[in-house]
Structure formats: structure tokens, C-alpha cells
Amino acid sequence: MEKQRIVIGVSGASGAPVAVEVLQFLRKCESIESHLIITEGAEKTIRQECGISAAEVAALADVVYDIGDIGAAVASGSFKTAGMIVVPASMKTLAGLAAGYSGNLLLRAADVCLKERRRLVLAARETPLNNIHLRNMLTLSETGAIILPLVLAYYNRPQEVNDLTCHLAGKILDLFGLDHLKFKRWDGGMAV
Ligand SMILES: Cc1cc2nc3c(=O)[nH]c(=O)nc-3n(C[C@H](O)[C@H](O)[C@H](O)COP(=O)(O)O)c2cc1C
């Protein structure tokens, strides 16, 4: 069976643990081949939030690209993928994408998804949001991207931070139709 390629972009917003959770899940999926791009900003947030190096995160992916390698396979629409997840997506990365300014490989790969009408999930993270952030998100949503803000949910009663991380990772995986057990699904009510 031919594996489906999913591109993962990690930019320098808060939320690096969610990216790690997604990559760890994809690693176990025999049907998926993960292609990873990490920005320089994300190298800092990975160290700060996960206490590990970007190289350790990269080791979770099947294929890893240098952020400056604008000639890489994922920079071309002719390289077939099922789409891309940018997790977390910084406001700077959203701005570049909304402006069509493909200044690095992550932006170029995401722009390819937009032009090829492929699934693009942007796990945006900032708070509060200014009008520029909001306008960029609207522009990207209108262009076909799915904006998935990294916002917390309490309805399934998280007990620890990892529960919140898993919930966000699961919401992302849902958008690629991947079966996971990252959170208990709402079925109309829960025993209290
Ligand atoms: C610890 C840390 C947390 C940050 N969190 C955010 C954030 O949540 N959202 C955001 O838009 N930028 C955040 N930033 C700022 C971005 O990293 C910065 O704007 C960077 O230039 C983004 O570049 P990139 O999108 O190429 O990774 C954070 C920076 C650091 C060091």
C-alpha cells in the first residue's frame, strides 16, 4: 500500500508539545509518511516548552527538511501529499502565508497546499489577537485553509496538561480522518 504523505510545519508559536504529540502519533501510523519542516523560531520554543532539542523532534519524522531548502520536494506541487499541518502556527507565519510571501520552505510548502487546493490545517496560536491576526486568519480561511486555534476545552474534564495537549492533537488528527484515542468523544453527556 502506498503511504500518504503529510507535511508537518512547526513554527515558533507556543504549542510545541502539540506538534510532538501529532508527530508521535503519525510515527505509529503505517499508512502515513511524515515530512517535517521546523523554523528557527520553533527551535527556541521546542527547547523552552518540551525541554528537548529540535533534532530530537526531527527524529520522530520520516523525512526532515532544512527551513532554507526552498528546492526541496515539498516546495513543488508536483510532489504529491495529502496536505499539511502547521502546528503551532505563529502570527508571523500566518502573515507570510496570507500575503503569499513564501520566504522559507514552511511557507512555500503551505502555499503549495493552497494553490493545489490540498488540505491545510493551521493551528494558530496567539492571545489576545489584533485585527491584523484576525484579518490574516480570515484571508487564509477564505483561501481554503482550516484555522484550528490552539484553544483549551474543559468539557471532558482534563486532569493534567497532557490531557489538554492530547485533545488539541486529536482535533488536528480528526481533520485528516485519522483514528486516534487522544480524547474521549462527546456523546451527549458524561457521568459526573
Ligand atoms: C517562548 C516563545 C513563545 C512564543 N509564542 C508565540 C505565540 O504563541 N504566538 C506567536 O505568534 N509568536 C510567538 N512567539 C514569537 C515567534 O517565535 C516569533 O514571532 C518568530 O519570529 C516566529 O517565526 P516563525 O513563524 O518563522 O517561527 C514566541 C516566541 C518565543 C521565544
Side-chain angles (χ1 to χ4, degrees), residues 6-23 34-61 63-72 74-75 83-115 119-154 158 161-172:
I6 298 182
V7 185
I8 310 294
V10 185
S11 70
S14 185
V18 184
V20 171
E21 196 66 38
V22 168
L23 283 163
S34 61
H35 290 244
L36 178 67
I37 310 162
I38 297 176
T39 67
E40 286 173 18
E43 290 181 14
K44 283 199 180 67
T45 50
I46 288 168
R47 173 69 67 193
Q48 172 67 29
E49 300 184 329
C50 306
I52 57 175
S53 67
E56 285 172 276
V57 173
L60 296 170
V63 184
V64 183
Y65 302 94
D66 187 281
I67 188 69
D69 185 7
I70 42 96
V74 290
M84 179 166 178
I85 301 163
V86 184
V87 55
S90 78
M91 295 304 109
K92 175 191 159 197
T93 284
L94 290 190
L97 193 52
Y101 183 78
S102 301
N104 63 37
L105 182 61
L106 188 157
L107 288 169
R108 171 62 189 170
D111 194 61
V112 163
C113 287
L114 289 178
K115 82 183 177 75
R119 179 139 293 209
L120 174 63
V121 175
L122 301 171
R125 198 277 155 195
E126 188 48 277
T127 194
L129 297 163
N130 66 33
N131 288 5
I132 297 169
H133 302 150
L134 291 164
R135 279 194 201 104
N136 285 339
M137 285 191 229
L138 180 60
T139 298
L140 289 164
S141 180
E142 286 173 345
T143 313
I146 298 175
I147 305 294
L148 187 150
L150 293 181
V151 294
L152 307 179
Y154 297 93
V161 175
N162 191 246
D163 295 340
L164 296 164
T165 305
C166 284
H167 189 253
L168 291 166
K171 293 292 283 184
I172 292 168

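For clarity, every value in this text was computed on a predicted model and none was experimentally measured. Both counts, for ligands and for their atoms, begin at 1 and track the order of listing.
- Here the closest heavy-atom approach between residue Pro88 and residue Ser11 is recorded as O-OG, 2.7 Å.
- Residues passing the salt bridge (charged side-chain N to carboxylate O under 4.0 Å, His left out) test with Glu21, sequence neighbours excluded: Lys182.
- Atoms CG and CD1, from Leu23 and Ile85 in turn, are 8.5 Å apart once rounded to the nearest 0.5 Å.
- The 4.0 Å heavy-atom shell around ligand 1 contains residues Ser11, Gly12, Ala13, Ser14, Thr39, Gly41, Thr45, Ser90, Met91, Lys92, Thr93, Arg125, Glu126, ordered by chain and number.
- A distance of 11.5 Å separates CG of Leu105 from CG of Asp111, quoted to the nearest 0.5 Å.
- The stretch residues 135-149 participates, sequence neighbours left out, in no side-chain hydrogen bond (donor to acceptor under 3.5 Å, both in side chains) pair at all.
- Residues passing the ring pair (Phe, Tyr, Trp, His ring centres under 6.0 Å) test with His167 are Tyr155, Phe183, sequence neighbours excluded.
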